Amino acid sequence: MSLAQIIEAKLTQALAPTHLEVNNESHMHNVPPNSETHFKVIVVSEHFSGQRLLARHRAVNQTLADELAGGVHALAMHTYTPEEWQAQGAAPDSPKCRGG
């Protein structure tokens, strides 16, 4: 199972998202081919209702604690309630890598 699949499974189990995207953005960085080190997740969940952004990010961090302590170097999180997602419709694009 790839790291992206593990991340997807853990977030699905913990947060029951109505929409989930796990994007491996490692190719956008100075890492070896086929790396799984840089990810962007978009999580839409009722679980986030009434929560501030910090609490939402803590929930994702707690869910992925093992992965963040291991091979994941960077994790961009975009967390929304279903209502916020319906109003916004998309997460912002990731910035270009500033590394070498």
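Keep in mind it's a predicted model, so treat the numbers as computed, not measured. We're numbering straight along the sequence, starting at 1. Side-chain atoms are counted along with the backbone in the values below, which use heavy atoms only and exclude waters and symmetry mates.
In this structure, the side chains of Leu11 and Val60 come closer than 4.5 Å at one or more pairs of heavy atoms. When side chains are defined from C-beta on, His57 counts as touching Thr79, because their heavy atoms get closer than 4.5 Å.
Thr81 contributes no side-chain N or O that, together with a main-chain N or O of Ser49, makes up a donor-acceptor pair within less than 3.5 Å.
Remark: Gln86 engages no residue in a side-chain contact (heavy atoms from CB on, under 4.5 Å) (not counting sequence neighbours). The side-chain contact (heavy atoms from CB on, under 4.5 Å) check on His19 picks up Glu21, Ile42, Val44, Trp85, with sequence neighbours excluded.
Contact record, Ala16 with Ser45: O-OG, 4.1 Å, taken as the closest heavy-atom pair. Nearest heavy atoms, Ala91 versus Lys40: CB-CE, 4.3 Å.
At a threshold of 4.5 Å between side-chain heavy atoms, the hydrophobic network of Ile, Leu, Val, Met, Phe, Trp and Tyr places Leu68 and Ile6 in two separate groups. No path of Ile, Leu, Val, Met, Phe, Trp and Tyr side chains, each step under 4.5 Å between heavy atoms, connects Tyr80 with Met77, placing them in separate hydrophobic clusters.
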Side chain to side chain contact (heavy atoms under 4.5 Å, CB included) evaluation trace for Glu83 with Glu46: CA-CA 9 Å; Glu83 295 78 20; Glu46 286 288 346; 4.0 Å; yes

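For the side chain to side chain contact (heavy atoms under 4.5 Å, CB included) test with Ile7, the passing option among Leu20, Thr12, Val22 is Val22; the others fail.
Residue pairs meeting the side-chain hydrogen bond (donor to acceptor under 3.5 Å, both in side chains) criterion with at least one partner in residues 62-72, sequence neighbours excluded, are Lys10-Glu67.
For the atom pair CZ (Arg52) and CZ (Arg58), the distance works out to 11.5 Å, reported to the nearest 0.5 Å.
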